[in-house]
S.K.: 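Once you've had a glance at the structure underneath, I'll fire off some questions.
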Amino acid sequence: MFFTDQAKAMSRYFALVDCNNFYASCERVFNPKLEKKPVVVLSNNDGCVIARSNEAKAIGIPMGEPLFKVKALIRSKDVKVFSANFTLYGDMSRRVMEVLADHCADLEVYSIDEAFMELRFYHQSANSLVAWAEKLRATVYQWTGIPVSVGIGATKTLAKLANHVAKKRTRTGVYAIRTDDPLLHEITIGEVWGIGRRYEARLRQVGVNTVRELQCIEEGWMRQEFGVVGLRLLKEIKGEVCLLLEDPVTARKHTMVSRSFADDLYELAEIQRRLALYATRLGEKLRHYRQAAGVLTIYLWVNKHRNRRRDGRTCFARSVNLPIATNNTNHLISWSAVVAKALFEAGTNYKKAGIMASELVPENLSQGNLFQDHRAHERDNRVMKLVDELNQKMGQSTVYFAACGERPSIPLRQDYKSVNFTTNWQELLEIWG
DNA sequence: TCTGGGGTCCTAGGACCC
DNA sequence: TCTGGGGTCCTAGGACCC
């Protein structure tokens, strides 16, 4: 290879592949009757709308809206409603990401429905890039049934913006954006990745409305107003690479499991039981990523819509430094019970609890201490491995700790759930010929 | 009646230490 | 009445993202 450094820099692009209306699309793959129909997917406990098909967007169902506020609309327009089926979505996501990984080695799975790619030396012109992306898009659709959009740009932020354009303004679902693209005069700042409601309001105050105007802002002002985050955003939108691909496994600093309760809870013992279950999931996650937690934090949230506390506080948290970094479910459960007891106040209506692992270290580097019984440690690890294997093969919570209570599963309201077409032999899609 | 569950990064204030 | 300065750690909260 005889590329100069400059030539290398010039031929580097980022692409963002984003699944269209991902959860709604997953439901559609296994239920063709949903084609052309408005479809929405609900959060845990059937609380809010978290995904909408284009048809559902068109009839005015907002993102994040509580279900009870759109019930009338749902009835009158015959909207198809689904409880979140994260097992299905997770499996479909894995399939999509596998196809992407086949096409590009430099891949960062950014979220369940999005991935960044770094494209180097692959293509010379924007035209050939677009052709490549269109082919990729067709392949993903053919192999998984999921429609995706592809945005291409000089930085991750521009790729993200290009993806937005691809979704809103193209028929092909692919767009490559340039830093001097005429469209930047039309695109408003609120559409930029990293500009939320507050930032948008402040920028509009000083007369900045379009991306083109944003590009002309002085870097010093941006730094002063929005800190290092804002400065980075500005540089990225001007085409200067600040954000690189990340490895989500090593880059992750916390891992958390939290859930709202279907009803408010008042009893410490019941909260400890729920936390034992969350700790079980947390342990599974940590072991999956081969990490161990150095610090454990327990969160308790008070129902903010019906807060009975005089001081109005809604969030309580307490951390504990673990004597030895661990991913052993047994240890996580014991500590969660201890910390929860310290946090708990009688007479408070708790709506949600969570457990977070931080100070994560690779599990084989976990620092033992002098008093640790190594044989017991080894034995515990073998037990956890066995438990994971059994639960993977036989289904979640086949084997569990007694602290979770009898027949444990996180109790959720799920009135509209589809089945696990791809991950459960009992729930395979049946086709009648 | 009914309002998700993950993450990241940054900042501010209090406790505590030297 | 007057009442250091600097550092770290912890907790809380706010901004953003999906």
Side-chain angles (χ1 to χ4, degrees), chain A residues 16 18-19 21-23 40-51 62-72 74 83-86 89-90 93 108-116 156-157 160 163-164 189-203 223 225-233 242-243 246 248-249 251-264 278 281-282 285 295 297-307 311-321 339 342-343 351-360 410 412-415:
Chain A
L16 177 72
D18 190 321
C19 301
N21 313 324
F22 182 55
Y23 299 161
V40 301
V41 177
L42 306 176
S43 62
N44 277 332
N45 289 319
D46 293 343
C48 326
V49 173
I50 55 168
M63 181 68 172
E65 192 77 345
L67 175 62
F68 69 90
K69 288 192 182 172
V70 288
K71 274 224 159 131
I74 282 171
S83 301
N85 183 349
F86 289 112
Y89 311 149
S93 170
E108 173 193 340
V109 177
Y110 175 70
S111 73
I112 194 165
D113 68 336
E114 279 176 87
F116 284 103
K156 282 171 116 178
T157 305
K160 188 90 182 158
N163 190 284
H164 185 75
I189 48 171
E191 296 167 69
V192 174
W193 186 41
I195 297 185
R197 291 230 297 274
R198 282 291 302 269
Y199 287 15
E200 180 179 5
R202 178 66 186 125
L203 285 165
R223 165 75 234 243
E225 200 72 27
F226 303 112
V228 291
V229 176
L231 180 58
R232 200 171 55 204
L233 192 159
C242 300
L243 301 169
E246 288 182 18
V249 175
R252 177 169 294 171
K253 299 194 169 124
H254 316 280
T255 297
M256 174 131 173
V257 176
S258 70
R259 295 282 187 288
S260 300
F261 311 133
D263 300 297
D264 289 4
Y278 302 176
R281 295 281 167 277
L282 185 70
K285 275 192 187 182
V295 169
T297 307
I298 300 296
Y299 291 87
L300 294 178
W301 285 273
V302 176
N303 192 331
K304 64 183 169 196
H305 302 287
R306 273 170 291 131
N307 192 342
D311 58 11
R313 282 182 63 188
T314 58
C315 177
F316 298 81
R318 180 120 24 250
S319 300
V320 57
N321 290 305
V339 180
L343 264 182
K351 177 60 180 167
K352 178 177 173 181
I355 176 168
M356 184 171 85
S358 48
E359 300 292 316
L360 303 179
I410 298 177
L412 294 175
R413 184 167 302 133
Q414 291 191 320
D415 295 340

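Every chain is numbered from 1, with letters handed out A, B, ... down the list of sequences.
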S.K.: Listed by chain and number, what are the side chain to side chain contact (heavy atoms under 4.5 Å, CB included) partners of A:L233, not counting sequence neighbours?
M.R.: A:V192, A:I195, A:L214

S.K.: With rounding to the closest Å, how many angstrom separate the P atoms on C:dC18 and B:dT3?
M.R.: 24 Å

S.K.: Using a heavy-atom cut-off of under 4.0 Å over every strand shown, decide if A:L42 touches base, sugar-phosphate, or nothing.
M.R.: nothing

S.K.: Can you give one letter per nucleotide of nucleotides 8-16 of chain B, going 5' to 3': B for a protein heavy atom under 4.0 Å from the base, S for sugar-phosphate only, - for none?
M.R.: SSS------

S.K.: Any side-chain N or O of A:K351 less than 4.0 Å from the OP1 or OP2 oxygen of B:dG4?
M.R.: no

S.K.: If the cut-off is 4.0 Å, is A:S260 near the phosphate of B:dG5, judged by side-chain N/O to OP1 or OP2?
M.R.: yes

S.K.: Nearest 0.5 Å, please: how far is CD in A:E114 from CD in A:E108?
M.R.: 10.0 Å

S.K.: Please report the distance, rounded to the nearest Å, between CD1 in A:I112 and P in B:dG6.
M.R.: 12 Å

S.K.: Measure CG/A:N45 against P/B:dT3 and give the value in whole Å, please.
M.R.: 8 Å

S.K.: Look at all strands and tell whether A:E114 reaches a base, only sugar-phosphate, or nothing, counting heavy atoms closer than 4.0 Å.
M.R.: sugar-phosphate

S.K.: Under the side-chain contact (heavy atoms from CB on, under 4.5 Å) criterion, do A:I74 and A:L67 qualify, and how do the steps go?
M.R.: CA-CA 9 Å; A:I74 282 171; A:L67 175 62; 3.8 Å; yes

S.K.: OP1 or OP2 of C:dC18 less than 4.0 angstrom from a side-chain nitrogen or oxygen of A:K160, does that happen here?
M.R.: yes

S.K.: Does A:F22 form a side-chain contact (heavy atoms from CB on, under 4.5 Å) with A:V41? I'd like the steps, not just the answer.
M.R.: CA-CA 10 Å; A:F22 182 55; A:V41 177; over 6 Å; no

S.K.: Give a yes/no answer on whether the side chain of A:R413 brings an N or O atom under 4.0 Å of OP1 or OP2 in B:dG4.
M.R.: no

S.K.: Under 4.0 angstrom, heavy atoms only, what part of the nucleic acid is A:D415 near: base, sugar-phosphate, or nothing?
M.R.: nothing

S.K.: Could you state the atom-to-atom distance from OH of A:Y299 to P of B:dG7 in whole Å?
M.R.: 11 Å

S.K.: What integer distance in Å separates A:K352:NZ from B:dT3:C1'?
M.R.: 11 Å

S.K.: Sequence neighbours left out, what passes side chain to side chain donor-acceptor pair (under 3.5 Å) with A:N45? Give chain and number order.
M.R.: none

S.K.: From C-beta outward on A:R259, which listed nucleotide comes closest to its side chain: B:dG6, B:dT3, B:dG4?
M.R.: B:dG6

S.K.: Going by the rule side chain to side chain donor-acceptor pair (under 3.5 Å), which residues pair with A:S260 if we only count those two or more places apart in sequence or in a different chain?
M.R.: none

S.K.: Rounded to the nearest Å, what distance is computed from the CZ atom of residue A:F68 to the C1' atom of nucleotide B:dC2?
M.R.: 6 Å

S.K.: Please determine whether side-chain contact (heavy atoms from CB on, under 4.5 Å) holds for the pair A:R318 and A:T297, giving the CA-CA distance in whole Å, both sets of side-chain angles, and the decisive distance to 0.1 Å.
M.R.: CA-CA 6 Å; A:R318 180 120 24 250; A:T297 307; over 6 Å; no

S.K.: For A:H164 and A:W193, what are the C-alpha separation, side-chain angles and deciding distance, and is it a side-chain contact (heavy atoms from CB on, under 4.5 Å)?
M.R.: CA-CA 10 Å; A:H164 185 75; A:W193 186 41; over 6 Å; no

S.K.: Which part of the nucleic acid, if any, lies within contact of A:F86, taking any heavy atom under 4.0 Å across all strands shown: a base, the sugar-phosphate backbone alone, or nothing?
M.R.: nothing

S.K.: Rounded to the nearest angstrom, tell me the gap between atom NZ in A:K69 and atom P in B:dG4.
M.R.: 11 Å

S.K.: Can you give me the bend angle of the helix from B:dG5-C:dC18 to B:dC18-C:dG5? Use the axis through the first five pairs and the one through the last five, nearest 10 degrees.
M.R.: 20°

S.K.: Going by ring-ring contact (aromatic ring centres under 6.0 Å, His included), name the residues that satisfy it together with A:Y278, two or more places apart in sequence or in a different chain.
M.R.: none

S.K.: For the pair made of CD in A:E191 and P in C:dC17, what is the distance, rounded to whole Å?
M.R.: 12 Å

S.K.: Take atom CG of A:D46 and atom P of B:dT1, then tell me their distance rounded to the nearest Å.
M.R.: 18 Å

S.K.: Quick one: is B:dG7 close enough that its OP1 or OP2 comes under 4.0 Å of any side-chain N or O from A:S111?
M.R.: no

S.K.: May I ask you to decide if the ring planes of A:F86 and A:Y89 are parallel, tilted or perpendicular, using 30° and 60° as cut-offs?
M.R.: perpendicular

S.K.: Of A:M63 and A:M256, whose nearest nucleotide on DNA chain B comes first from the 5' end?
M.R.: A:M63

